[in-house]
Peer 1: 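Okay, handing you the structure first.
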Amino acid sequence: MENIMMPVILSGQENTDNKTIEKNKIYTDSRHYKKEKKIKNRINENNMSMAIDANSQNEGLARICVAAFLTEIDPTLEEMNDIKTAVSEAVTNSIIHGYEEGPGKILIKCKLKKHTYENDDNTYTIDSIIKIEIKDKGVGIDNIEQAREPLFTTKPELDRSGMGFMFMEMFMDSVTVTSQVGVGTTVLMEKKLSRVVKYEQN
């Protein structure tokens with residue numbers, strides 16, 4: 001019986017540059033696997049945006065939606081928990097400090113850029129860049145540098161730890177904060193993930 005080469009990871013994404021990148025068809029029905037050329041070089045991009053009310057019940061919703069968006073790159077449990085924690089801290093900051101637990105909307109945008117390329121040892125590598133933007137139109141931050149200091153909080157009466165930005169910086173590769181008093185705050189977080197996947201022989 002002829003050996004059939006197929007990747008372990010299934011993907012429904014299409015190539016962004018069909019002139020230089022070959023399309024790789026993968027069938028999810030195990031009865032109809034078709035032999036295709038190995039992955040050569042593929043770049044995919046996916047985007048998601050959502051708006052939620054600024055209340056504490058939606059903090060968990062934001063975590064779940066971002067996690068679901070990232071399932072296509074199959075991150076490890078630790079990587080997923082890192083990202084979910086950073087999202088949770090950013091959303092909580094908007095609720096508690098941005099809107100001061102009052103009404104408002106929080107906009108969440110996610111961008112996933114995935115570069116898949118073949119190696120010389122019957123494996124392929126998936127490099128991913130994740131960008132997450134969390135934006136509010138709340139009271140804004142007067143002193144961003146001070147706000148990012150560990151243990152600093154403007155709500156000590158609420159037993160806030162003042163560790164929100166520190167956790168974001170700990171779990172993400174980069175965190176950028178822009179804010180204007182009376183206009184709102186935007187937090188942009190970025191994380192890079194990479195993993196190697198083996199082809200299966202059937």
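What you are looking at is a predicted structure, and each value in this text was computed from that prediction instead of being measured.
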Peer 1: Would you kindly confirm whether Ile64 and Met48 end up in one hydrophobic cluster when ILVMFWY residues are joined by side chain heavy atoms under 4.5 Å apart?
Peer 2: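 No, Ile64 and Met48 fall in different hydrophobic clusters.
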
Peer 1: For the atom pair NZ (Lys114) and CG (Leu70), what is the distance rounded to the nearest 0.5 Å?
Peer 2: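 Here the interatomic distance stands at 11.0 Å.
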
Peer 1: What's the shortest heavy-atom distance between His97 and Val139, and which atoms?
Peer 2: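 Heavy atoms only, the tightest pair is O-CG2, 3.3 Å.
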
Peer 1: Got a sec: does the CG of Asn81 have more than 12 other heavy atoms crowding it under 6.0 Å?
Peer 2: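 For Asn81, atom CG is crowded (more than 12 foreign heavy atoms under 6.0 Å).
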
Peer 1: Against Lys109, only a single residue in Lys135, Met50, Glu133 fulfils side-chain contact (heavy atoms from CB on, under 4.5 Å); can you say which?
Peer 2: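 By the side-chain contact (heavy atoms from CB on, under 4.5 Å) criterion, Lys109 pairs with just one of Lys135, Met50, Glu133: Glu133.
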
Peer 1: CE of Met189 to CD1 of Ile83: how many Å apart, nearest 0.5 Å?
Peer 2: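 Rounded to the nearest 0.5 Å, the CE-CD1 separation comes to 9.0 Å.
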
Peer 1: Got a sec, which residues hit side chain to side chain contact (heavy atoms under 4.5 Å, CB included) with Asp120, two or more places apart in sequence or on another chain?
Peer 2: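 Per chain and number, Asp120 pairs via side chain to side chain contact (heavy atoms under 4.5 Å, CB included) with no residue.
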
Peer 1: What residues, two or more places apart in sequence or in another chain, satisfy side-chain hydrogen bond (donor to acceptor under 3.5 Å, both in side chains) together with Ser128?
Peer 2: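 side-chain hydrogen bond (donor to acceptor under 3.5 Å, both in side chains) check on Ser128 returns nothing, list empty.
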
Peer 1: Can you list the residues that meet the salt bridge (charged side-chain N to carboxylate O under 4.0 Å, His left out) rule with Lys192, with sequence neighbours excluded?
Peer 2: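 Salt bridge (charged side-chain N to carboxylate O under 4.0 Å, His left out) check on Lys192 returns nothing, list empty.
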
Peer 1: Between CG of Asp82 and CG of Leu193, what distance do you get to the nearest 0.5 Å?
Peer 2: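 It comes to 9.0 Å.
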
Peer 1: Hey, any chance Leu188 and Leu107 share a hydrophobic cluster, counting ILVMFWY side chains that come within less than 4.5 Å of each other, even indirectly?
Peer 2: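 No, it is not one cluster - the side chains of Leu188 and Leu107 are not joined through contacts under 4.5 Å.
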
Peer 1: According to a 4.5 Å side-chain heavy-atom criterion applied to Ile, Leu, Val, Met, Phe, Trp and Tyr, with indirect links allowed, do Ile144 and Met168 form part of one hydrophobic cluster?
Peer 2: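 Yes.
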
Peer 1: Tyr117 vs His115 aromatic rings, parallel, tilted or perpendicular, using cut-offs 30° and 60°?
Peer 2: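 Aromatic pair Tyr117/His115 classed tilted.
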
Peer 1: Got a sec, which residues hit side chain to side chain contact (heavy atoms under 4.5 Å, CB included) with Ala54, two or more places apart in sequence or on another chain?
Peer 2: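 Once residues adjacent in sequence are excluded, the partners of Ala54 under the side chain to side chain contact (heavy atoms under 4.5 Å, CB included) criterion are Ile95, Tyr99, Ile106.
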
Peer 1: Only counting residues at least two apart or in another chain, list the ones meeting side chain to side chain contact (heavy atoms under 4.5 Å, CB included) with Glu145.
Peer 2: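 Side chain to side chain contact (heavy atoms under 4.5 Å, CB included) list for Glu145, sorted by chain: Asn143.
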
Peer 1: Does the side chain of Asp173 come within less than 4.5 Å of Glu190's, by heavy atoms?
Peer 2: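 No; the side chains remain at least 4.5 Å from each other.
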
Peer 1: Strictly distance-based, threshold 3.5 Å: is any side-chain N or O of Asp136 a donor or acceptor partner for the main-chain N or O of Thr185?
Peer 2: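 Pair found, side chain donor or acceptor close to backbone of Thr185.
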
Peer 1: Restricting to salt bridge (charged side-chain N to carboxylate O under 4.0 Å, His left out), what partner residues turn up for Asp53, sequence neighbours left out?
Peer 2: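 Checked Asp53 against salt bridge (charged side-chain N to carboxylate O under 4.0 Å, His left out); matches are Lys105.
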
Peer 1: Please round to the nearest 0.5 Å and tell me the distance separating atom CZ of Phe167 and atom OG1 of Thr85.
Peer 2: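 Taking CZ in Phe167 and OG1 in Thr85, the distance rounds to 8.5 Å.
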
Peer 1: How far apart are the C-alpha atoms of Lys84 and Val66, what are their side-chain angles, what is the distance that settles it, and do they pass the side chain to side chain contact (heavy atoms under 4.5 Å, CB included) test?
Peer 2: CA-CA 7 Å; Lys84 287 165 65 178; Val66 171; over 6 Å; no

Peer 1: Asn93 vs Val187, test: side chain to side chain contact (heavy atoms under 4.5 Å, CB included). Steps then yes/no.
Peer 2: CA-CA 10 Å; Asn93 274 358; Val187 176; over 6 Å; no

Peer 1: Shortest non-hydrogen contact from Arg148 to Val177?
Peer 2: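 Heavy atoms of Arg148 and Val177 come nearest at NH1-CG2, 3.7 Å.
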
Peer 1: Could you state the interatomic distance from CD1 (Ile134) to CD1 (Ile52), rounded to the nearest 0.5 Å?
Peer 2: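 If we round to the nearest 0.5 Å, Ile134:CD1 and Ile52:CD1 are 8.0 Å apart.
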
Peer 1: Determine, stepwise, if the pair Ile108 / Cys65 fulfils side chain to side chain contact (heavy atoms under 4.5 Å, CB included).
Peer 2: CA-CA 10 Å; Ile108 301 172; Cys65 289; over 6 Å; no

Peer 1: Counting only N and O atoms by type, is there a donor-acceptor contact under 3.5 Å from the side chain of Arg195 to the main-chain atoms of Ile73?
Peer 2: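 Such a contact is found between Arg195 side chain and Ile73 backbone.
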
Peer 1: I want to check something: taking the side chain as every heavy atom from C-beta on, are Ile96 and Glu101 in contact at a cut-off of under 4.5 Å?
Peer 2: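 Of all side-chain heavy-atom pairs linking Glu101 with Ile96, at least one is under 4.5 Å.
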
Peer 1: To the closest 0.5 Å, what do you measure between NZ (Lys191) and CD1 (Ile130)?
Peer 2: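 Spacing of NZ (Lys191) from CD1 (Ile130) equals 8.0 Å.
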
Peer 1: What verdict does the side chain to side chain contact (heavy atoms under 4.5 Å, CB included) test give for Asn44 and Lys113, after you've listed the backbone C-alpha separation in whole Å, the side-chain angles of each residue and the deciding distance to 0.1 Å?
Peer 2: CA-CA 6 Å; Asn44 310 107; Lys113 190 170 185 179; over 6 Å; no

Peer 1: Among the clusters formed by ILVMFWY side chains lying less than 4.5 Å apart, do Val91 and Met80 turn up in the same one?
Peer 2: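 Yes; Met80 is reachable from Val91 via cluster members.
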
